[in-house]
Structures are given as structure tokens and as C-alpha cells.
Amino acid sequence: MSDPYLRFDGISVVFPGVRALDGVSFAAHAGQVHALMGENGAGKSTLLKVLSGVNRVAEGALWIDGQRHVFSNAREALGEGVAIIYQELTLSPNMSVAENLLLGQLPTQRGFVNRRQLREKALAILDDLGEGDIHPSTKVRELSIGQQQMIEIGRALLRDAKVIAFDEPTSSLSIQEIRQLKRIIKRLRDEGRVVLYVTHRMEEVFEMCDAVTIFRDGKHIRTHEGMSTLTHDLLVSEMVGRDIEDVYGFRERPLGDVVFAVDGIEGRGLKAPVSFSVKRGEVFGLFGLVGAGRSELLRLVCGVEEPKAGSVQFNGESRRFKNPGEAIRAGIAMCPEDRKSQGIFPVASVADNLNISCRRLFKRWGLFRHPGRERRNAESYIQQLSIKTPGPRTPIGTLSGGNQQKVILARWLAEKIDLFVMDEPTRGIDVGARRDIYTLLYDLAEQGKSVVVISSDLAEVSSICDRIAVMRDGELVDIVPRESATAERLLGLALPA
């Protein structure tokens with residue numbers, strides 16, 4: 001094998017109270033898709049931010065094509081041929097596709113932007129990416145997530161990036177968009193670029209990658225230079241430091257009477273009236289492909305949007321919630337799919353995020369905040385749920401996705417909640433944290449709570465749910481009991497006829 005194009009040599013990154021990376025050393029070769037694997041908080045994203053110039057190293061060196069580099073910002077990294085495609089895309093939504101593609105390289109003539117050249121260059125790169133149906137003047141906000149991701153890739157190609165890193169690139173894509181992304185990544189590898197690939201989806205690693213580097217607790221555990229001897233079980237055990245025989249850990253439990261019933265709900269995102277019911281102590285799944293209408297349905301019944309028709313029965317009463325606050329007061333809590341923009345206040349502390357809805361319960365004389373009670377409540381749930389954080393005052397935005405999800409769950413555990421609605425609860429979460437989340441859901445169900453899990457993860461819904469409602473193109477097509485919820489049956493119902 002040729003000399004490595006990219007090499008990390010003893011990289012350490014230190015934040016207040018935590019050593020995020022500890023002497024990490026490994027190499028990646030040109031013409032290779034190299035996976036970075038590990039639990040949330042293991043150091044993968046921190047390493048990408050070192051590569052892009054966002055994080056400064058305390059020790060160690062970064063080598064690219066035999067040259068030592070220290071990047072102060074993303075512009076310097078991009079100038080040396082390094083591009084990062086983050087899970088949260090960095091495009092300007094109100095600018096056009098062409099302007100986003102050539103931002104920083106806009107063609108000019110006599111001091112003004114040359115619109116003709118701008119359009120021609122954008123058309124060329126869009127055709128090259130297989131996205132010729134996107135018009136260069138379209139605003140980025142009008143594109144799907146998959147199309148926006150292609151614009152990010154196109155921007156990297158226009159700058160002739162030799163190292164391109166992807167951070168959880170398929171977490172929000174449809175099946176068709178995932179196929180297109182895989183074709184692009186294969187092409188980048190065949191062109192001799194270094195492709196770093198961060199994912200929690202095991203099947204993608206074995207399908208797409210040529211090498212795997214495993215992180216745990218900020219340390220480099222092992223690099224597999226080939227895939228021939230690597231197995232799923234070995235990969236999982238190296239990531240978490242222990243064997244996990246069954247990540248889902250399904251637990252049988254008795255189910256009670258119907259506690260939540262939806263009858264003929266109609267509204268935005270649905271093409272036909274939807275009806276279903278959930279029993280006390282049940283984990284009820286809503287499965288479908290991206291765009292099937294699952295999230296839209298729950299937004300209608302949880303008060304985020306007002307339905308056009310239909311009714312909801314909850315705890316024996318007919319309800320129509322005008323806003324999420326009414327639903328929460330009635331005993332329904334929703335954990336949204338997009339944690340960062342809808343579920344947390346990133347710059348606020350863990351304690352503030354955890355106490356935000358239940359703060360009234362800890363007021364002194366019913367009027368004033370009681371910081372001591374709030375702190376003790378936060379510390380109690382941090383311990384109960386094994387939330388990995390330096391302390392309750394730590395900004396929640398610095399925590400891993402799995403620990404952020406636990407904070408959101410803890411927020412509702414402090415309330416009197418009977419129905420937990422979880423929209424993509426393990427999206428972007430590693431295998432170890434997944435098991436923790438599933439254990440919490442089973443604990444809630446065994447306490448007589450009801451749980452609705454919305455997921456596009458076929459293995460997840462078929463393994464953790466008692467029944468699975470399958471949605472397709474805005475309609476609920478069937479409800480399948482766990483015993484007969486095979487992958488073939490669920491996917492056959494979810495795919496367009």
C-alpha cells in the first residue's frame with residue numbers, strides 16, 4: 001500500500017473538564033473510504049473539527065500529503081483541500097443554489113457578479129453530480145435534505161478537495177437519496193480522494209468502506225486496514241468495550257386498556273383519515289420511509305398543528321389540543337426528531353434544559369425560582385439516566401446526541417406524563433446509547449406509561465415495538481403485531497405500490 005495521504009500523529013484536544021481526544025494516531029490512504037466508528041462522545045466529531053480547523057490541538061500534529069499543518073479556521077483547511085460535510089449542513093438557505101456552490105469564488109466582471117458565468121459553472125457541477133434537474137436560481141431552502149447535501153459536495157468538488165469527510169450523511173435521507181450519495185462516494189474514492197465516513201449504521205460500513213478506525217472515550221482503539229476479518233460483533237465490542245448480545249433487549253409485559261385513540265384525523269401531510277389506538281404499557285411503532293407522513297401525523301395529535309377533522313381520545317376524554325402546552329398539561333410529551341433545533345437550547349446548561357418545563361414545581365413560595373432544588377433535580381436524573389456530562393452547568397450543546405436525548409427524556413420524567421411520543425429517538429446515536437434509550441422506554445412501559453416510537457429504522461421498530469403501524473405516502477396502510485413484523489412485510493407495506 002502507498003504512503004498515507006492523511007495522518008493524525010498523537011492528536012490531543014482538551015476542553016475545560018474533559019480530554020476530548022487523547023493521543024490519537026492513525027492514517028488514511030487516497031482512494032479509500034475510511035470509516036470512523038465509536039459511541040457518541042468517543043471523539044469522532046472532535047477529530048473532524050481538528051481536520052477542519054475548528055478545534056485547536058493541545059498536542060500532536062496533522063499531516064496531509066507529507067506536509068505538517070495547523071489550521072486556524074475552515075477557510076485555511078479548505079485552501080489545503082479539506083472539506084467536511086456535516087450532519088447539520090452549512091449552506092445559506094436564502095441564497096440560490098449557484099451562489100451557495102460558488103460562495104467565495106463568485107465570478108465577477110468590472111466589480112459585479114457575472115450572472116451568466118455563475119449560472120454556467122453551477123449547471124456544470126450540478127450535471128456532474130447527477131442533479132441536473134435542480135435549477136441554479138432555486139433557493140436552497142426549497143431543496144430536500146438530500147439535494148442540499150449534494151450542493152455541499154459540489155462546493156467541495158469545485159474547490160478540488162482531496163480529503164472529504166462525511167458526518168452521519170444518511171441520517172435524514174430517503175432511500176433514493178442514499179443510493180445517489182453512495183454512488184457519489186464511490187466516485188470520489190475511484191478518483192483517488194480520501195473519504196472519511198462517520199456513521200452509526202453498521203450496514204453502511206460493511207457495504208461502502210475499505211478501512212475502519214474505532215474510537216472509545218477519546219482514544220484510538222484500533223484501525224482495521226481491511227474488512228475481510230472484521231465482523232459486526234467484533235466492531236460493536238471494540239466500540240463499547242464489552243459484548244452486547246442484543247442491543248434491543250425486548251422485554252415482554254402485560255398491556256392494559258386503550259389509553260390513547262386517534263379517530264379519523266385529517267390535516268397537513270396526510271392524504272387520508274388516520275385511526276389507531278395505543279394501550280397502557282405498550283410500545284407502539286410508526287414506521288415509514290422519509291416523507292410518509294409519520295411526523296406530520298403526530299404533530300396533528302400533539303397540538304403542534306391543528307387537524308382539519310377527526311378526534312383524539314386520551315385517558316377516556318375527547319381532546320383536541322390547541323398547542324403543545326395543552327398536550328403536556330394533559331399528560332402527553334413529544335421528543336422531536338430534530339433535537340438541536342426543536343428539542344434543546346444548545347447554549348443553555350444541562351440543568352436549565354432538564355428543568356425548563358418543570359421549573360414551576362420547584363418554586364419558593366410558588367413565586368420565585370429555587371436554584372438549589374433545580375440543581376438537585378438535575379443531579380438526580382443525571383445519575384438515574386447515566387447522563388455523561390462534567391456537571392449540570394455544562395452547556396447541553398457540548399454533549400453527545402445520546403446524552404442530549406436522555407436530558408430531553410429526563411425533562412418529561414419530572415412531569416406527570418402518561419404518553420411519550422418519541423420521533424426518531426436514536427437518530428445519530430451509537431449502539432451503546434441506543435441500548436440505554438431502549439431500556440428507558442421499557443422501564444416507562446412497565447410503569448404503565450405508553451410509548452409511541454416514530455422511526456424509519458426497520459430493525460428498530462420490528463425489535464422494540466409491540467405493534468407497528470406502517471405509513472405510506474400520507475396514509476396508514478396497516479398495523480402489524482410484533483410476531484409477524486418481518487423486514488420483508490414492513491418494507492413491502494412502506495414502499496410505493
**Student:** Kindly say whether Gly10 contributes a backbone atom to a donor-acceptor pair with the side chain of Glu59 at under 3.5 angstrom?
**Tutor:**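 No: the side chain of Glu59 does not pair with the backbone of Gly10.
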
**Student:** List in chain and number order the residues that pass ring-ring contact (aromatic ring centres under 6.0 Å, His included) with Phe284, two or more places apart in sequence or in another chain; answer none if no residue qualifies.
**Tutor:** Phe276

**Student:** Testing the 3.5 Å rule here: is there a donor-acceptor pair between the side chains of Glu460 and Thr426?
**Tutor:** yes

**Student:** For Ser45 and Tyr86, does a side-chain donor sit closer than 3.5 Å to a side-chain acceptor?
**Tutor:**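 No, no side-chain donor-acceptor contact under 3.5 Å.
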
**Student:** Using a 3.5 Å distance criterion without hydrogens, assess whether the side chain of Thr389 forms a donor-acceptor pair with backbone atoms of Gly391.
**Tutor:**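 Here the side-chain-to-backbone pair exists.
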
**Student:** Determine whether a donor-acceptor pair (N or O, by modelled atom type, separation under 3.5 Å) exists between the side chain of Arg155 and the backbone of Leu102.
**Tutor:** no

**Student:** Quiz question: by atom type and distance under 3.5 Å, do the side chains of Thr213 and His220 form a donor-acceptor pair?
**Tutor:** no

**Student:** Does any non-hydrogen side-chain atom of Arg411 lie less than 4.5 Å from one of Asn353?
**Tutor:** yes

**Student:** For Phe420, enumerate each residue passing the ring-ring contact (aromatic ring centres under 6.0 Å, His included) test, keeping only those at least two apart in sequence or located in another chain.
**Tutor:**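 In terms of ring-ring contact (aromatic ring centres under 6.0 Å, His included), with neighbours along the sequence ignored, Phe420 is linked to no residue.
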
**Student:** Before giving the answer on salt bridge (Lys or Arg N to Asp or Glu O under 4.0 Å), spell out for Arg7 and Asp9 the whole-Å C-alpha distance, their side-chain angles and the decisive distance to 0.1 Å.
**Tutor:** CA-CA 6 Å; Arg7 183 161 59 89; Asp9 186 11; 3.7 Å; yes

**Student:** Are the side chain of Gln149 and the backbone of Pro169 linked by a donor-acceptor contact shorter than 3.5 Å?
**Tutor:**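 Such a contact is found between Gln149 side chain and Pro169 backbone.
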
**Student:** Any side-chain donor paired with an acceptor under 3.5 Å for Ser450 and Glu282?
**Tutor:**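 Checked: Ser450/Glu282 side chains show no N/O donor-acceptor pair below 3.5 Å.
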
**Student:** Taking only residues two or more places apart in sequence or in another chain, which ones pass side-chain contact (heavy atoms from CB on, under 4.5 Å) with Asn323?
**Tutor:**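 side-chain contact (heavy atoms from CB on, under 4.5 Å) list for Asn323, sorted by chain: Glu326, Arg329.
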
**Student:** Using atom types as modelled and distance alone, determine if a side-chain donor or acceptor of Asn100 lies under 3.5 Å from a backbone N or O of Ser92.
**Tutor:**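 Yes; at least one donor-acceptor contact below 3.5 Å.
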
**Student:** A side-chain contact here means heavy atoms from C-beta on lying under 4.5 Å apart; do Val347 and Ile396 qualify?
**Tutor:**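 They are not in side-chain contact.
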
**Student:** Please list, one pair per line, the donor and acceptor atoms closer than 3.5 Å that link side chains of residues 67-78 to other protein atoms, with sequence neighbours excluded.
**Tutor:**
{"unit_1": "Asn73", "atom_1": "OD1", "unit_2": "Arg75", "atom_2": "N", "d": "3.1"}
{"unit_1": "Asn73", "atom_1": "OD1", "unit_2": "Glu76", "atom_2": "N", "d": "2.9"}
{"unit_1": "Glu76", "atom_1": "OE1", "unit_2": "Ser72", "atom_2": "N", "d": "2.9"}

**Student:** Is there a donor-acceptor pair under 3.5 Å between the side chain of Gln404 and the backbone N or O of Leu399?
**Tutor:**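 Answer holds: yes.
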
**Student:** What's the spacing between Leu286 CG and Ser455 OG if we round to 0.5 Å?
**Tutor:**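 Leu286 CG to Ser455 OG: 10.0 Å, rounded to 0.5 Å.
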
**Student:** Taking only residues two or more places apart in sequence or in another chain, which ones pass side-chain contact (heavy atoms from CB on, under 4.5 Å) with Ala98?
**Tutor:**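 Expected list: Ser96, Leu118, Ala122, Pro136.
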
**Student:** According to ring-ring contact (aromatic ring centres under 6.0 Å, His included), who are the partners of Phe287, at least two apart in sequence or on a separate chain?
**Tutor:**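 Phe287: no ring-ring contact (aromatic ring centres under 6.0 Å, His included) contacts found.
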
**Student:** Check for a donor-acceptor pair, side chain of Lys44 on one end and backbone N or O of Gly38 on the other, with a separation under 3.5 Å.
**Tutor:**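 Side chain of Lys44 to backbone of Gly38, a donor-acceptor pair under 3.5 Å: yes, one is there.
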
